[in-house]
Number of protein chains: 2
Amino acid sequence: MPANNPAIDLDQVRRQCARCDLRDLCLPAGLDSADVDRIDQIVADRTSLASGDTLYHAGSPFRALYVIKSGSLKTQAVSEGGELQILGFHLPGEIMGFDALAGERHQCSAEALEASSVCRLPYAELERISASVPGLQRQFMRLVSREMGDDHDHMAMMGRNQAIARLALFLHSMSKRQARLGRSADQLTLTMSRADLANYLGLVLETVSRLFGRLQDMGVIEVRRREVKILDRESLKSVGEC
Amino acid sequence: MPANNPAIDLDQVRRQCARCDLRDLCLPAGLDSADVDRIDQIVADRTSLASGDTLYHAGSPFRALYVIKSGSLKTQAVSEGGELQILGFHLPGEIMGFDALAGERHQCSAEALEASSVCRLPYAELERISASVPGLQRQFMRLVSREMGDDHDHMAMMGRNQAIARLALFLHSMSKRQARLGRSADQLTLTMSRADLANYLGLVLETVSRLFGRLQDMGVIEVRRREVKILDRESLKSVGEC
DNA sequence: GGCGGGATTTGACCCGCGTCAAAGCGGGTG
DNA sequence: CACCCGCTTTGACGCGGGTCAAATCCCGCC
């Protein structure tokens, strides 16, 4: 192991965004090198999470936003009646914590679905530099807006009352998001349990399990536990249309 | 009628936010008088809409955000399969158009449910002044975040698989939003049709109609067409919990 | 390699909500 | 005032998916 050299470590920390594979999806997208350095400087730390670890709890004070660097997380909220609702699954390049901007507290909890790492962005500093980095403001709004678009897709899916259409739409959308990350669009590894997925889709887990089987019998996908291979994208899309 | 006096007209236009009943819910909230005047100056116009008029179409170029001054609107999107999904109902004080920030085009359409008026905020100018009015940026994010919170409530509602729970949750949330506007929390006038409401809730309109009847038989509400009176808020909440 | 426990699959049953159909109701128009 | 048309209500029926129950699979651990 090399000797611990503070100068090199500091340089690495300061230049991580510029070398990050996700820089085109994340906040630095579209910014010039000097501005990216300024973002680097406010990234407080890059935290590792084990599967099941909680990034933030609903009700806890809001301090920072987080960008997912690797892995995946779910967000969930408990309604007044104590019912748990999974709001979304989040992949690398996505920002989390937006919904807390309205108050001083997080409105939902975020939990890692597998070993993951995130970049922590203290919001006070983000606000401070965003006034002087015009492109940052714009890129930030793009990410917020993309998040809202994802939520709208989710609502449209919940609106379909055919259960199999919901699952098909979910698989199709996951496939697109994987592709955006440069991964295979046809070979998915789901990181959430059947129970999580069912909750997200507004179904019960037995139904989800049966529907995976049915899509497989139809020759649309191949399933083995959490590994899903998309065999016939056209059929998948048409199933999603009811 | 008084003579048309340009000086007075100009003054009125420039000071409308300061005198608006909604100023505490809208962008000016928390800003001092000088900053509110700056917002006033970029409000391009205050448009009147008749019931059924479209404020913007999905796919049309994004130029401005809109704050609802009076009336109510619905937002809706057509999925790839051609299915229409109503994403939300919007009341005075709420900002519309956020979801277009990611691209240059609106992702959904907005249509007036009754005679309504909106303030138009050209986004280019909003961006320009937000760098120099720090509180504006914060208030803007609060409104975006509130919008996301509403969407999350919607998802939680769609997750409940008991149809009657969805309707109860909808009525409860409408009641809270009315109260926020200083209106009666117990006497609601729904401005959307049963078909719109059913679509929003992920149900069919016959079911919604029957459920209104059932809630009335239970003594929880009183319904007459689009007039709803909440008689027993506690029962309404417990029905919403399944 | 054997064991234990959570995750997933599979089966049987039945109720709630979607579907189709028809009748009221109300508001706008000539 | 009478007509018309869209919105809403009400009824009958069937099936998709929820519920309960049990078997099976798989992975980590000893």
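So you know, we letter chains A, B, ... as the sequences are listed, proteins then strands, and number each from 1.
Using the six-membered ring where Trp is involved, A:Phe89 and A:Tyr200 have ring planes that are tilted, between 30° and 60° apart.
Of all nucleotides in DNA chain D having an atom under 4.0 Å from a heavy atom of chain A, the first and last in 5' to 3' order are D:dG17 to D:dC26.
Annotation: side chain to side chain donor-acceptor pair (under 3.5 Å) contacts of B:Thr47 (sequence neighbours excluded): B:Asp45. Listed by chain and number, the residues in a side-chain contact (heavy atoms from CB on, under 4.5 Å) with B:Leu87 are A:His152, A:Met155, B:Thr75, B:Ala77, B:Gln85, B:Cys108 (sequence neighbours excluded). Listed by chain and residue number, B:Ser72 satisfy the side chain to side chain donor-acceptor pair (under 3.5 Å) test with B:Glu114 (two or more places apart in sequence, or in another chain). Looking at residues two or more places apart in sequence or on another chain, you find a side chain to side chain donor-acceptor pair (under 3.5 Å) between A:Asp196 and A:Lys74.
For the pair A:Arg214 CZ and C:dT10 P, the interatomic distance rounds to 14 Å; values are reported in whole Å. Taking atom CD on B:Glu227 and atom P on C:dG27, their separation rounds to 11 Å, with Å as the unit. Atom pair A:Leu203:CG and C:dG16:P shows a separation of 18 Å (rounding to whole Å applied).
Near-neighbour residues of DNA chain C inside residues 164-175 of chain B, defined by a heavy atom below 4.0 Å, are absent.
Among residues at least two apart or in separate chains, side chain to side chain donor-acceptor pair (under 3.5 Å) pairs with a member in residues 159-174 of chain A are A:Arg160-B:Glu83. Sorted by first and then second residue, the side chain to side chain donor-acceptor pair (under 3.5 Å) pairs with a member in residues 97-110 of chain B form an empty list; sequence neighbours excluded.
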Would you sort out whether B:Leu169 and B:Met157 count as a side-chain contact (heavy atoms from CB on, under 4.5 Å), showing the intermediate values? CA-CA 7 Å; B:Leu169 286 169; B:Met157 184 180 57; 4.1 Å; yes
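For C:dG18, one of the phosphate oxygens OP1 or OP2 lies less than 4.0 angstrom from a side-chain nitrogen or oxygen of B:Thr207. Residue B:Gln162 places at least one side-chain N or O closer than 4.0 Å to OP1 or OP2 of C:dC17.
Checking B:Ser48 against B:Ser117 by side-chain atom types alone, no donor-acceptor pair falls below 3.5 Å.
Closest approach of A:Glu147 to A:Ile95, counting heavy atoms only: OE1-O, 3.7 Å.
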Between side-chain atoms of residues 57-65 of chain B and protein atoms elsewhere (two or more places apart, or another chain), which donor-acceptor pairs fall under 3.5 Å?
from, atom 1, to, atom 2, distance (Å)
B:Ser60, OG, B:His57, O, 2.7

Please tabulate, one pair per line, all N/O donor-acceptor pairs under 3.5 Å involving side-chain atoms of residues 212-237 of chain B, not counting sequence neighbours.
from, atom 1, to, atom 2, distance (Å)
B:Gln216, OE1, B:Val223, N, 2.8
B:Arg226, NH1, B:Thr191, O, 3.4
B:Glu227, OE1, B:Thr189, OG1, 3.1
B:Glu227, OE2, B:Thr189, OG1, 3.3
B:Asp232, OD1, B:Glu234, N, 3.3
B:Asp232, OD1, B:Ser235, N, 3.1
B:Asp232, OD1, B:Ser235, OG, 3.3
B:Asp232, OD2, B:Ser235, OG, 2.5
B:Arg233, NH1, B:Ser175, OG, 3.1
B:Arg233, NH2, B:Ser175, OG, 3.0
B:Arg233, NH2, B:Ala185, O, 3.2
B:Arg233, NH2, B:Asp186, OD1, 2.8

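Annotation: the terminal axes of the helix from C:dG1-D:dC30 to C:dG30-D:dC1 meet at 50°, where each axis is the rotation carrying the C1' atoms of four end pairs onto the next four (5 pairs per end, rounded to 10°).
With values rounded to the nearest 0.5 angstrom, A:Leu121 atom CG is found 7.0 Å from A:Cys26 atom SG.
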Nucleotide by nucleotide, nucleotides 3-9 of chain C touches protein heavy atoms under 4.0 Å in the pattern (B base, S sugar-phosphate only, - none) ----SSB
